[in-house]
Amino acid sequence: MVQGISASIGQGRLDAHKAAVRVVLVVDDSRLQRRILTASLARWGYDVIEAASGEEALTACRERMPDLILSDWMMPGMSGLEFCEVFRDLENDGYTYFILLTSKSEKAEVAKGLDSGADDFLTKPVDANELRARITAGERIIDMQRELSQTNRMITDTLDELQRVYDSLDSDLLEAKKLQQSLLRQRSATFDRGQLSLLLRPSGHVGGDLVGFYPVGADHLGLFAIDVSGHGISSALMTARLAGYLSATAPDQNIALQRSEAGGYTLRPPAEVVTALNELVLNEMETEHYFTLMLANIDLHTGAVQIAQAGHPHPVVQRANGTIEQSGTGGFPVGLLPGIPFDQFEISLRSGDRLLILSDGVTECPDTNDQLLDECGLATILDALQGVTGQALFEGLVWELSCFSGTSEFPDDISGILFEFSGPDQR
């Protein structure tokens, strides 16, 4: 019984060896030496190929790549060392273990052989037991190399698959970017008493910022600026949904509008709209997102502006004489807590004044030392851009931010609304 078990283990080891090394190439100009080595190798279960020279061995390798090579060092014509060097340059999907057979024992010669690509040495005349031990050692190396190659192939396949997934996601994100940008159909609009310009610059493919407007009649204009928490697709989806609640093209769905007795539409008070949005988000949207919001109603006839501020940065008013005013009520973001009161306040625009509503991606833009631009830095930029109007103002603002931060790739979305009031005296 013990003998049977021992035999099974021995056979298992032999099978393992054969799995690692199946084909052995014996290279020696001596026919007798080849026959001696071949007899032992065949008895151990290996498939043996013989070659009488280095040139003949290379031809054999090109036809059938061996798992292990036993090559004499000293041969006429191409030596075993030269054959080893040329062999290592052949295309080989796996790894072939190379043993040089030599009578040389000097360390310098051994080092030379290793530098040429040999893995091991055997001193002639070859002892069968030592040969078997060296082959077994070589098989362990080959096993490890094959496992490494298999792992590398798995990693390569995984990376290729990840690249395909990334390319697919990248393509989807580009389409999502187009769709999000389509929410901002107009980047500018002209009214009898003012000029409107809009800025939307996501920090990635898509972002959580959105700006827009909805005219009501000839003398009233609604503005909104939204900054959804987080970044990426989920934030962008949230902005898309909110855009439907403040749509200029579907006034019946716009919760900032209400029907007038004459059958048209009028603007609801901004604070009332923000309160309604807060309850709507908490009660009807299953989301962890919240958002800051600036809602403004402008009377184009008088320049009076009603504003509700829900966690958004303060609105900026730059007077015709260059004076900059930044103030507001602050307030809580929308979608955090139920029952929160939202206030509104008023500002008055005169001819030549302009109203600027920006996301915190501007005032919280960091420089190389992580110092934020803040409101003072924004005022400095606007003072330098006092004579610049329309979209050119936003281009100048983005340029100044790039200079301040040292990069054009900002860490947060940047959005803005610019309304330049011409006043009733220019109608």
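Note that the structure is a prediction, hence the values are computed from the model and not measured.
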Val317 vs Arg354 side-chain heavy atoms within contact, under 4.5 Å: no

So Leu277 and Leu295, do their side chains get closer than 4.5 Å, heavy atoms only? no

Are the side chains of Leu70 and Val27 in touch, meaning some heavy atoms are under 4.5 Å apart? no

Quick one: does Arg201's side chain have a donor or acceptor within less than 3.5 Å of a partner on Asp413's backbone? no

Exam field: side chain Gln309 to backbone Met294, donor-acceptor pair closer than 3.5 Å: no

Pairing of Arg22 and Asp47 as salt bridge, 4.0 angstrom limit: no

Just wondering, do Cys61 and Pro66 contact through their side chains at under 4.5 Å, heavy atoms? yes

Using the rule given for side chain to side chain donor-acceptor pair (under 3.5 Å), can you reason through Ser149 versus Gln145, listing the C-alpha separation, both sets of side-chain angles and the distance that settles it, and then say yes or no? CA-CA 6 Å; Ser149 296; Gln145 190 277 334; 2.8 Å; yes

I want to check something: taking the side chain as every heavy atom from C-beta on, are Phe213 and Phe224 in contact at a cut-off of under 4.5 Å? no

Give a yes or no answer on whether the side chain of His289 reaches the backbone of Ser229 with a donor-acceptor pair at less than 3.5 Å. yes

Considering only NZ, NE, NH1 and NH2 on the basic side and carboxylate oxygens on the acidic side, decide whether Asp119 and Arg88 come within less than 4.0 Å. yes

Under a 4.0 Å threshold between the charged nitrogen and the carboxylate oxygen, would Arg259 count as salt-bridged to Asp252? yes

So, are Asp67 and Arg146 salt-bridged, with charged N and O less than 4.0 Å apart? yes

Main chain of Val305, side chain of Glu346: is a donor-acceptor contact present, judged purely on distance under 3.5 Å? no

Can any side-chain N or O of Ser247 pair as donor or acceptor with the backbone N or O of Ala243 at less than 3.5 Å? no

More than 12 heavy atoms of other groups within 6.0 Å of Gln253 CD: no

Classify the angle between the aromatic ring planes of Phe191 and Phe419 as parallel (below 30°), tilted (30 to 60°) or perpendicular (above 60°). tilted

First locate atom CG of Asp227, then atom OG1 of Thr292, and finally report the distance between them rounded to the nearest 0.5 Å. 4.0 Å

Beyond-backbone contact of Leu356 with Leu358, side-chain heavy atoms, under 4.5 angstrom: yes

Determine yes or no for a side-chain-to-main-chain donor-acceptor pair under 3.5 angstrom, with Gln318 supplying the side chain and Leu382 the backbone. yes

Is there a side-chain contact between Leu196 and Ile417 in this structure, where contact means two heavy atoms from C-beta onward sitting under 4.5 Å apart? yes

Between Ser405 and Leu401 (side chain of the first, backbone of the second, donor and acceptor by atom type, cut-off under 3.5 Å), is there such a pair? yes

Main-chain N/O of Leu198 paired with Gln391 side-chain donor or acceptor, under 3.5 Å: yes

Can you label the angle between the Tyr46 ring and the Trp44 ring as parallel, tilted or perpendicular, going by 30° and 60°? perpendicular

Just by distance, do the side chain of Asp353 and the backbone of Arg350 share a donor-acceptor pair under 3.5 Å? yes

Audit row: Val216, Leu221, side chain to side chain contact (heavy atoms under 4.5 Å, CB included) steps and yes/no: CA-CA 6 Å; Val216 181; Leu221 176 65; over 6 Å; no

Run the side chain to side chain donor-acceptor pair (under 3.5 Å) test on Thr96 and Asn92 for me, step by step, so that the C-alpha distance in whole Å, both residues' side-chain angles and the decisive distance to 0.1 Å come before the verdict. CA-CA 8 Å; Thr96 298; Asn92 189 354; 3.1 Å; yes

Taking Asp367 for its side chain and Phe404 for its backbone only, find out whether a donor-acceptor pair lies under 3.5 Å. no

Phe345, CZ atom: more than 12 neighbouring heavy atoms under 6.0 Å: yes

